[in-house]
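Position 1 is the first residue of the sequence; numbering continues from there.
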Amino acid sequence: MSRMEFNSPDRATKVLDGLYKDMERRINSSLYGLCPVEMSKAFLHMCHAQSCGKCSPCRIGLGQLANLMDDVLSGKADESILDVLAETAQTIMDTADCAIGYEAAEIAQKSLTGFRDDYLSHIRTGKCSFTYGQPVPCVTTCPAHVDIPGYVALVREERYADAIRLIRKDNPFPTTCGYICEHPCEQKCRRNILDDAINIRGIKKMAAELAGEVPAPACGPSTGKKIAIVGGGPGGLSAAYFLQLMGHQTTVYEMHDKLGGMLRYGIPNYRLPKDKLDNDIKVILDTGVEVKYNVKVGRDVDVKSLRDEYDAVLVTIGASTDKKLGIEGEDAKGVISAVEFLEASGCGGGESLEGKKVCVIGGGNVSMDAVRTAVRKGAGDVAIVYRRRIADMTALKEEIDSAAEEGIEMMTLKAPSAIIKNEDGTVKGLKVIPQMISEIRNGRASVKPSGEDEYVIPCDMIIVAIGQDIETEAFVENGIPVTKWNTINTKPSGDFDDIPGVFSGGDCASGPATVIKAIDAGKVLAHNVDQYLGFNHKITCDVEVPAAEISDRVPCGRVNLTLRPSFERKADFEGVENSMTHDECIQEASRCLRCDHCGYGAFKGGRVKEW
C-alpha cells in the first residue's frame, strides 16, 4: 500500500474558504461612518483567531488589547487607558514573533493616532463621534451625491426621461458621466456582499441613450444678480446651470471656441463622443447661460475688472497645462505634453504619426488616452514607459487592459533619464534606467535602480503624461492666493477670507481630479454663491420615485459593458464601448437592493429631495 495520498480540500476547508471570500466582500463594502474603535476591536479579534499561540505577546497581548477597547466602548475607562493601550501595542510590536502579532498591534497604534478623538468621545460621553451622514453607500461615495437608487428604480420601470431629470438635480452631465465617470459609487455598493456591485455607470449610459431629448427644467424668477464664471469646463458649467435654475444670470468666460474644457480637449472621442457631450452642454445653455468665447483671463480680461462688473466671480479653470520631466534633452523636437497632444488631436489636428515609433511616459488615465490616440493616428510601434509596475499604475484597470488589447507595449520599471537627439535636434530615443521594486512607502511600493546598465529606447516622438498643472499667474497678479502645489488656496467653502465675492473650485483648487468631482465643486460653489448673494434657493425635482419592491434578491451575475473588437476599434475614433441591451439593463437595475428604503436608509431617510 502506498504511504502517500493525494490531498484534496475537505468540506470544512471549502466552507471556510467561502467564508473568507464573504468576509472580504463585506469589508470592501463597509461604509464610512462605522465606529472606528469597534472596527479596530473586530480586527484584533480576527488576528487573535489567526494566532498560533506560540508567543505570549500575540496569544495574550492581542486579547488584552481587545479587552482594553471593550472598556473604552462600554464606558468603563478613563483617559489614562489610552496610554496603556499605546504601551501595550508597542510592547507587542517589539516582542511578537511574526507578522500576525506585529501588524495587529500596529493597527491599534494607528487607531490611537488616526482617530484619537473618537476614543475620547467614547470615554467622555459614551457615544461614537462617527455617524452616517447619508446611509445609502452609493449616494455617499458619489462626490455629487446623485440619487442613484432613485434613478436606477426609474430605469427598472423604463421611465428613462424621468431618470435623467432626477440625475440632473445633482449632475447636469448625465450622458457624459454615463460614458466616462470613474463610478466611485460602485466601490461600496452593498450588492458586493451578495455577489457584485451594480453596474451603475452602465445603467446611467443606457438611460441617457433611451431617454431621447429631455428639456432643461424651468428656471426660477430672475433675481437681477449677475455672476461671471471663468472656465467653461464641467465645474464652471455645472455652477452656471444650478445658478441659472436659482434665477441668477451667469456669463461663462471660455478661452477656447467651444465649451467643455478637458471633457472636449483632453478626453478622446473614442471614450467620449463629442456629440454626446454637446447634448449635455446644450441643455445647460438652454437655461439661459451666456458665453464669451476665446477670452482668457490675464490676456483679455482680469479678475478685478470682472469683480467690478458682476455681483460675484467664480474661478473654475481646469488643469490644462503640463508638468515637465526635468531631464536632459526635453527641449528636443518631437517631445510634446499629453495635454497638448490630446488637445490637437481632439480638434482634428496634430501631425501625422504614420509609421512613427512613439513612447508615452506615465501610468495614469491621461497617458492611456495619449497612447491609444497615438495608435489611432497611425503610429507604428507604441509603448508606455513607466518607472513602476503595472499594478502601481493610477489608470483605471479597464483602460490598461484595453491599451494592452490594442497592441501597446507596457515597458515598466524603466525610469527616463535623458532624451537623445539627432543632429537636427529631433528625438532619436529615450534613455532609461532599469528599476526594481523596493520599500512600501505611504501604502505604495517605491522603486530604486536595479543596477543594470542604462539603455536607449529608439523612438521618433515622446509624449509626456506625468501630471497636469494649473495656470495661476494671472490670478496671483490679482491677489488670489496660491499654494506651494500651484493650486488656488481657497477655504473649504470655495471663498476667500479677504476677497469678498470671489470664489474658486474644481481642479484649480484641488489639483487634477475626476469629472464627477469637478461637477460636485460646481454644485457647492453654486450653493455658496447663492447664499453670499443673500438667497437660499433650493434645487429639487418633482419626479416620483417608484416604491421599493419587497422581494428576495437572489444572487445574479453583474452585466459588464463589452467593447468593440480591438482590431476594429483601434482603426478609428468612434466610441469603443457597447451599451447594454434592453433586457440586460432591466436585469441590472433589478439587482439594486434599494438601500434608500431598506435597512438603515428607512430609519435615517434615504432620499435627499432638495439641496
Side-chain angles (χ1 to χ4, degrees), residues 114 143 182 184 229-236 238-239 255 261-263 265-267 296-298 302-303 313-327 330 336-343 361-370 386-388 392-396 415-416 440-447 463-499 502-525 528:
E182 293 194 342
I229 298 176
V230 180
S238 296
M255 68 177 183
M262 295 303 287
L263 293 177
Y265 299 107
I267 298 178
K296 186 174 182 178
V297 170
D302 59 46
V303 174
V313 176
L314 275 66
V315 178
T316 58
I317 61 170
S320 57
T321 60
D322 61 296
K323 289 186 176 180
K324 303 298 183 183
L325 287 167
I327 61 176
E330 194 170 4
I336 186 173
S337 75
V339 173
E340 184 181 349
F341 173 71
L342 291 171
E343 181 176 338
I361 302 173
N365 285 322
V366 174
S367 65
M368 295 302 153
D369 287 342
Y386 186 55
R387 68 191 187 98
R388 287 189 167 93
D392 302 312
M393 289 182 172
T394 57
L396 292 174
I440 294 178
R441 298 172 186 165
N442 299 319
R444 193 180 187 196
S446 60
V447 293
I463 301 173
V464 181
I466 60 169
Q468 296 159 255
D469 212 344
I470 296 99
E471 293 185 273
T472 57
E473 294 83 0
F475 301 100
V476 173
E477 292 171 1
N478 282 263
I480 293 177
V482 172
T483 69
K484 64 180 180 180
W485 298 283
N486 202 37
T487 57
I488 294 177
N489 191 11
T490 73
K491 293 162 64 176
S493 52
D495 57 344
F496 302 89
D497 285 324
D498 53 355
I499 316 177
V502 177
F503 296 76
S504 183
D507 285 4
C508 61
S510 66
T514 60
V515 173
I516 192 63
K517 286 183 178 179
I519 291 168
D520 175 56
K523 181 180 172 182
V524 170
L525 290 173
N528 292 341

Quiz prompt | Any Arg444 side-chain heavy atom under 4.5 Å of Thr394 side chain | solution = yes
Side chain to side chain contact (heavy atoms under 4.5 Å, CB included) filter on Val464, not counting sequence neighbours, yields Leu325, Val335, Ile462, Ile466
Value for CG (Asp469) from CG (Asp507), rounded to nearest 0.5 Å, stands at 11.5 Å
By side chain to side chain contact (heavy atoms under 4.5 Å, CB included), Leu396 pairs with (sequence neighbours left out) Glu182, Asn365, Glu398, Glu399
Taken in chain and number order and not counting sequence neighbours, the residues that satisfy salt bridge (charged side-chain N to carboxylate O under 4.0 Å, His left out) with Lys324 are Asp322
Ile499 and Pro481 have their tightest heavy-atom pair at CD1-CD, 4.0 Å
Heavy-atom nearest pair, Ala338 first then Ala370, reads CB-CB, 4.2 Å
Is the backbone of Pro512 close enough, under 3.5 Å, to the side chain of Gln468 for a donor and an acceptor to pair up by distance? no
Answer yes if the side chains of Asn528 and Asp495 hold a donor-acceptor pair under 3.5 Å, and no otherwise. no
Taken to the nearest 0.5 Å, the spacing of Leu525 CG from Thr490 OG1 works out to 8.0 Å
Distance col, row Thr472:OG1 vs Asn486:CG, nearest 0.5 angstrom, shows 3.5 Å
Task: Arg387, CZ atom: more than 12 neighbouring heavy atoms under 6.0 Å - done: no
Looking only at heavy atoms, the pair that brings Ile317 and Cys508 closest together is O-CB, 3.2 Å
| request: Run the numbers on Val303 and Phe475 for side chain to side chain contact (heavy atoms under 4.5 Å, CB included), then give the verdict. | output: CA-CA 7 Å; Val303 174; Phe475 301 100; 3.7 Å; yes
Closest heavy-atom pair, Glu340 versus Ser337, reported as atoms and distance to 0.1 Å, is N-OG, 3.1 Å
For Ser320 and Glu471, the nearest pair of non-hydrogen atoms, with its separation, is OG-OE1, 4.0 Å
Residues Gly236 and Thr316: closest non-hydrogen pair is CA-OG1, 3.1 Å
Rounded to the nearest 0.5 angstrom, the CD1-OG distance for Ile470 and Ser510 is 7.5 Å
Tested for side-chain contact (heavy atoms from CB on, under 4.5 Å) against Asp520, the lone hit among Pro143, Ser238, Pro234 is Pro143
Taken in chain and number order and not counting sequence neighbours, the residues that satisfy salt bridge (charged side-chain N to carboxylate O under 4.0 Å, His left out) with Asp369 are Arg271
Residues passing the side chain to side chain contact (heavy atoms under 4.5 Å, CB included) test with Glu477, sequence neighbours excluded, are none
Rounding to 0.5 Å, atoms OG1 (Thr483) and CG (Asn489) come to a distance of 6.0 Å
Side chain to side chain contact (heavy atoms under 4.5 Å, CB included) filter on Ser446, not counting sequence neighbours, yields Ser438, Glu439, Arg441
Could you tell me whether the side chain of Ser504 and the main chain of Val315 form a donor-acceptor pair under 3.5 Å?
yes
Checklist entry - Okay, side chain of Asn478, backbone of Ala474: is any donor-acceptor separation there less than 3.5 Å? => result yes
